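Only one structure is covered here, and it is reproduced in the block below.
Note that the coordinates shown come from a computational prediction; the quantities given were computed from them, not determined experimentally.
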Amino acid sequence: MKQSSENLQQLLEILRSRQLKKLFSGATDNTLIQFFCYCFVGGAATVVDWGLSSLLFYAIL
């Protein structure tokens, strides 16, 4: 339980200080930061996939 509390504190500190480069680049052992990055990247990929799919669908029809 102590580990997850430290992970959360580290993530909140990065977000408060707006160190986005530290959040999205570089290797980390903090699983909460890794999860946050994967969710952000997965969400961005979903938006791009849907956008391109819609664009191609309407361009063909």
Side-chain angles (χ1 to χ4, degrees):
M1 188 70 170
K2 185 178 179 183
Q3 179 71 22
S4 62
S5 175
E6 291 173 2
N7 287 345
L8 181 60
Q9 286 290 59
Q10 186 179 11
L11 177 62
L12 290 175
E13 182 60 34
I14 289 172
L15 291 175
R16 279 188 206 121
S17 61
R18 297 181 184 172
Q19 297 175 348
L20 297 179
K21 185 174 183 178
K22 185 176 181 181
L23 185 63
F24 291 112
S25 66
T28 182
D29 291 333
N30 188 331
T31 54
L32 194 57
I33 291 176
Q34 290 175 353
F35 180 73
F36 184 80
C37 290
Y38 292 143
C39 286
F40 182 79
V41 170
T46 300
V47 169
V48 170
D49 286 344
W50 277 92
L52 286 175
S53 176
S54 298
L55 180 68
L56 292 173
F57 177 75
Y58 289 115
I60 291 173
L61 292 178

Q) How long is the span from the CD1 atom in Ile14 to the CD atom in Gln9, to the nearest 0.5 Å? A) 11.5 Å
Q) Partners of Phe35 by ring pair (Phe, Tyr, Trp, His ring centres under 6.0 Å), sequence neighbours excluded? A) none
Q. Heavy-atom count around Asp49 CG within 6.0 Å, excluding the residue itself: above 12?
A. yes
Q.
Donor-acceptor pair, distance only, cut-off 3.5 Å: does the side chain of Asn7 make one with the backbone of Asn30?
A. no
Q. Quick check: does any side chain N or O of Ser17 sit under 3.5 Å from a backbone N or O of Glu13, one acting as donor and the other as acceptor?
A. yes
